[in-house]
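Here is the structure we will look at.
Lettering of chains follows the sequences in order, A, B, ..., and the numbering in each one begins at 1.
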There are 2 protein chains.
Amino acid sequence: MSSCDTCVVRNRAICSALDSQEIGALNTIGRTRTLAPGESLIWEGDDSVLVANVIDGVLKLSTGTEDGREQIVGMVFPSDFIGRPFGKTTGHGVTALTEARVCVFNRRDFDSFAREHPALEHKLLQRTLGELDRTRRWMLLLGRKSASEKVASFLLEMGERIGGTSCEDSDGPAEILLELPVSRQQIADVLGLTIETVSRQFTRLKAEGVIDLPSRRAVLIRDRFALAAEAG
Amino acid sequence: MSSCDTCVVRNRAICSALDSQEIGALNTIGRTRTLAPGESLIWEGDDSVLVANVIDGVLKLSTGTEDGREQIVGMVFPSDFIGRPFGKTTGHGVTALTEARVCVFNRRDFDSFAREHPALEHKLLQRTLGELDRTRRWMLLLGRKSASEKVASFLLEMGERIGGTSCEDSDGPAEILLELPVSRQQIADVLGLTIETVSRQFTRLKAEGVIDLPSRRAVLIRDRFALAAEAG
DNA sequence: CGAGGCCTTGAGGGACCTCAAGTGAAGTGG
DNA sequence: CCACTTCACTTGAGGTCCCTCAAGGCCTCG
């Protein structure tokens, strides 16, 4: 029996393009792997030797300059795809932020499998187009937004992507409780800021009553609309 | 006879995945269109009604905030693909920087054609993956680089992409003459800077002998290595 | 209880922005 | 052919937002 049969992201990941026989074939070339927080799956500049689906956990995609400055270029969630198929090298590292489980494939094996299964390539194309859209929206934030707009935008985006527990009211949640998978330094690396600036913005938003900070990694969004207004 | 037969990007654009019969079919759903400099093909937030291949010229992809700040999120060159297939809306505008010729398709027609031709979708996937790589590299520039690093990186990237006339020597061109397709303001919008900062960086690089500015739009790269050293 | 991470807070400085004036090239009309 | 306009770019002066450097507070875990 294929382990894909019990996969929790089976119907959301690109695998959803395949029937049960095809899934069986894919299963023979893949294997699951667990990553500890901080552990890397792929390093920047590596030859592209593997690709993967995220089953559980959150990972970051990051690049850096030679002198040590880092920029996080993407965050990856369950059912997302990682790695660079059909290419020689990967331009960014992939590192687990939380404990994570991924379904790993040798890149060449995956490439040939994908070329034989147009429906899979179609799913992958849709995902890649969506990721490109998201990435381009983030460029506006990096290039043109102020620190306060950046932090507000980040909190809203995280609210959308990790969902968090929320108190519903008539039109959407009134308050959203987020358990962030990232440290202050990592938030800074996503937003192109320093850790101190991020911290000061959090403190200010809390003082204004827009958010609350029940613990280090948790954020309670008290006023979603005020946050959206700040996001620009 | 199909006008694709005489197309100058026939062998570089995604169309290269198709045989002559398929090209004929694609030709029946596409038409060429000429754009004047400054003319837009797609507006930010529009429904995704058309996609296109660039035949000739340079176009920008841009988004902006409500209060008028603009960020250029991509530049598009001959043989590149534009638009958002398999999606409802386009997140960024598409505007000609130079006079441009594009091969336009109704998005729904293109979508169904592509779904019937896996080789075409494969080319499109490769292009999209490459564009995503390039976009993510640009995020490092926007988030973490200084004004001088940004301007140097921009000139090098333009050197690679538009090529320009160059004096070859043993290992690559010694001097590269670029005719930029963009104004100072547009360079600022690519780099997340102001026009004044860009201008000051150009002046400084000229004073240091790294570049020369023979006319408004032209840049002569005198010392490619010094520029690369400045790019970070 | 002490050590070591994170995070916060403060003071000061600098890179880039803002506002404003000046320059030069290209076009226009007498 | 030469004023005149126009527009893009350059240059300057001043301000501000964010970074840098440094210290202090608060959890976690030995």
**Request:** Go along nucleotides 21-30 of chain D 5' to 3' and tag each nucleotide: B for a protein heavy atom under 4.0 Å from its base, S when only backbone or sugar atoms are that close, - otherwise.
**Result:** B---BB----
Below the 4.0 Å mark, does [N] have OP1 or OP2 next to a side-chain nitrogen or oxygen of [X]?
X        : N      : result
B/Thr194 : C/dT18 : no
B/Ser199 : D/dC9  : no
A/Ser183 : C/dC6  : no

So does [Y] get a backbone contact from the side chain of [X], meaning a donor-acceptor N/O pair under 3.5 Å?
X        : Y        : answer
A/Glu44  : A/Gly64  : yes
B/Thr135 : B/Glu131 : yes
A/Lys145 : A/Ala231 : yes
A/Arg184 : A/Ser199 : no

**A/Ser62 and A/Glu70: side chain donor to acceptor below 3.5 Å** =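 Yes - a donor-acceptor pair under 3.5 Å links their side chains.
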Figure out the [atom1]/[atom2] separation between [X] and [N], and round it to whole Å.
X        : N      : atom1 : atom2 : value
B/Ile195 : D/dT11 : CD1   : P     : 13 Å
A/Gln201 : D/dC18 : CD    : P     : 7 Å
B/Ile187 : D/dT10 : CD1   : C1'   : 14 Å
A/Leu191 : D/dC18 : CG    : P     : 12 Å
B/Ile211 : D/dT10 : CD1   : C1'   : 14 Å
B/Arg217 : D/dC7  : CZ    : P     : 15 Å
B/Leu193 : C/dT18 : CG    : C1'   : 14 Å
B/Asp189 : D/dC9  : CG    : P     : 12 Å

**Request:** Report yes if the side chains of A/Thr89 and A/Arg84 come closer than 4.5 Å at any heavy-atom pair, otherwise no.
**Result:**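 The answer is no; the side chains never approach within 4.5 Å.
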**Asked** When you check the gap from the basic side-chain N to the acidic O, do A/Arg134 and A/Glu157 get nearer than 4.0 Å?
**Response**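 Salt bridge present between A/Arg134 and A/Glu157.
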**Request:** Would you mind checking if B/Glu230 and B/Arg204 are paired as a salt bridge, meaning a charged N to carboxylate O distance below 4.0 Å?
**Result:**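 Yes, charged N to carboxylate O under 4.0 Å.
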**Request:** Give A/Ser215 one of three labels, base, sugar-phosphate or nothing, depending on what nucleic acid heavy atoms sit under 4.0 Å from its own.
**Result:**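 Answer is nothing: A/Ser215 stays at 4.0 Å or more from every strand.
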**Message:** Can you list everything that forms a side chain to side chain donor-acceptor pair (under 3.5 Å) with A/Thr63? Sequence neighbours excluded, please.
**Reply:**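 Per chain and number, A/Thr63 pairs via side chain to side chain donor-acceptor pair (under 3.5 Å) with no residue.
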**Asked** For residues 141-153 of chain A, which residues have at least one heavy atom under 4.0 Å from DNA chain D?
**Response**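 The answer is A/Ser146, A/Ala147.
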**Item:** Which nucleotide in C/dC7, D/dT10, C/dC17 has an atom nearest any side-chain atom of B/Thr203
**Value:**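 Of the options given, the side chain of B/Thr203 lies nearest D/dT10.
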